[in-house]
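Accompanying notes for the structure given below.
Read the numbers this way: they start at 1 and go in the same order the structure lists the ligands and their atoms. The first residue of the sequence shown is numbered 1, and numbering continues consecutively from there.
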Amino acid sequence: MFPSPRLRPVYIGSEIYRRPSYGPKHPLAVPRVSTCTDLIRAMGWLDEAAFVTAPLATDAQLLRFHDAGYLAALKRSEATRRVTPEDRARYRIGADGNPVYPEIFSRPATSAGGVMLAARLTAQGGIVHCPGGGTHHGRPDRASGFCYLNDPALGILTWLDQGLDNIVYLDIDAHHGDGVQDAFHDDHRVLTISIHEAGRWPYTGAAEDRAGGSARNFPVPPGFNDSELRWLLHEAVLPLIRARRPQAILLQAGADALEEDPLAKLSLSNNAHWLVVSEIMPLAPRLVVLGGGGYNPYATGRCWAGIWAVLNGQPIPDRVPPAAEKILRGLVYNRAAGRNPPEHWLTTLRDAPREGAVREDIERLATLALKETLPA
Ligand SMILES: [Zn+2]
């Protein structure tokens with residue numbers, strides 16, 4: 001028996017995220033989901049009855065979106081820890097930053113199983129946090145952008161297969177949610193909204209790109225701050241969502257748009273992520289929150305742990321208790337910033353807000369997104 005997410009939020013995790021993955025030199029070689037899980041336990045925010053271990057997705061489930069030959073190639077790579085030249089060329093396994101690693105199939109299949117379970121558990125409504133999900137670049141038949149499978153697309157398909165026909169996917173990762181947008185191109189049952197850094201890989205998601213009417217894109221400039229996020233949220237994103245009155249919202253809450261992230265140049269504090277979560281919670285009877293990017297383990301773990309607090313209405317204390325501080329002090333981060341982490345990474349969850357001017361670019365994006373959308 002699974003706990004009901006209608007009674008209180010359910011947390012889906014797995015011990016698989018604790019194992020080393022992607023290889024020591026990869027940006028994803030940092031503990032993210034396990035840090036989040038450990039922090040919320042140390043904060044006293046996780047009733048174990050609300051914790052569910054993500055199941056491995058079955059082949060039948062994965063075939064709902066993925067190509068059989070590609071799934072077989074991922075399993076072959078897991079079994080042999082190698083990739084054939086043919087599989088590399090055809091499926092981009094072991095290429096383009098998508099390394100072969102010991103759990104190259106079972107780890108993404110666990111994330112997919114978790115997100116699909118979240119969609120099933122919320123059939124009648126409720127809230128689920130599944131920070132292991134969020135692999136928004138995954139393609140039906142190839143790996144892309146550190147993503148082997150596309151768990152957000154599989155979660156949305158699970159909802160659609162249950163008869164839902166009005167779903168909003170909101171993606172606040174620093175990178176455009178291209179795999180999810182393309183999965184529902186022209187499918188008016190799904191609106192995909194992505195806020196991402198302009199001019200950054202995968203270089204898609206222009207403001208004019210609406211994917212046949214089923215997408216809105218907000219490519220924001222470097223330095224994007226909390227004030228700009230709040231403005232965009234209130235002036236464009238929330239009006240778009242409210243106008244749809246969705247049956248379900250899937251939020252990809254990648255943490256790489258945070259100021260401290262090494263891969264992107266956006267300047268949000270985690271207050272921005274928590275604001276998005278609290279503002280969309282009342283807008284649909286079903287909400288599933290995923291993880292995504294996030295390459296600084298301190299910033300990512302603190303951000304996602306705070307999301308669980310917001311979902312549960314838990315106040316976030318100014319200073320974390322010793323058990324949580326111990327987890328943060330135990331993190332290893334092989335970058336310059338990790339050698340001497342600033343004190344607030346170790347003793348707090350909440351960042352100092354990063355307010356600033358709202359630039360004209362941001363206002364232009366909002367105007368463009370609402371054009372021909374809302375009734376006059
Ligand atoms: Zn990203």
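Classified by interplanar angle (parallel below 30°, tilted 30° to 60°, perpendicular above 60°), the ring pair Y295/H175 is perpendicular.
Look at K75 and D59 and you find a salt bridge, because one of the NZ, NE, NH1 or NH2 atoms lies within 4.0 Å of a carboxylate O, short of that distance.
Side-chain heavy-atom separations under 4.5 angstrom define the hydrophobic clusters, and M1 shares its cluster with no other residue.
Within 6.0 Å of CD in E360 there are 12 or fewer heavy atoms belonging to other residues, nucleotides or ligands.
S111 contributes a side-chain N or O that, together with a main-chain N or O of G132, makes up a donor-acceptor pair within less than 3.5 Å.
With ring centers used as reference points, Y169 lies 6.0 Å or more from H136.
Of all protein N, O or S atoms, those under 2.8 Å from the Zn ion (ligand 1) number 3.
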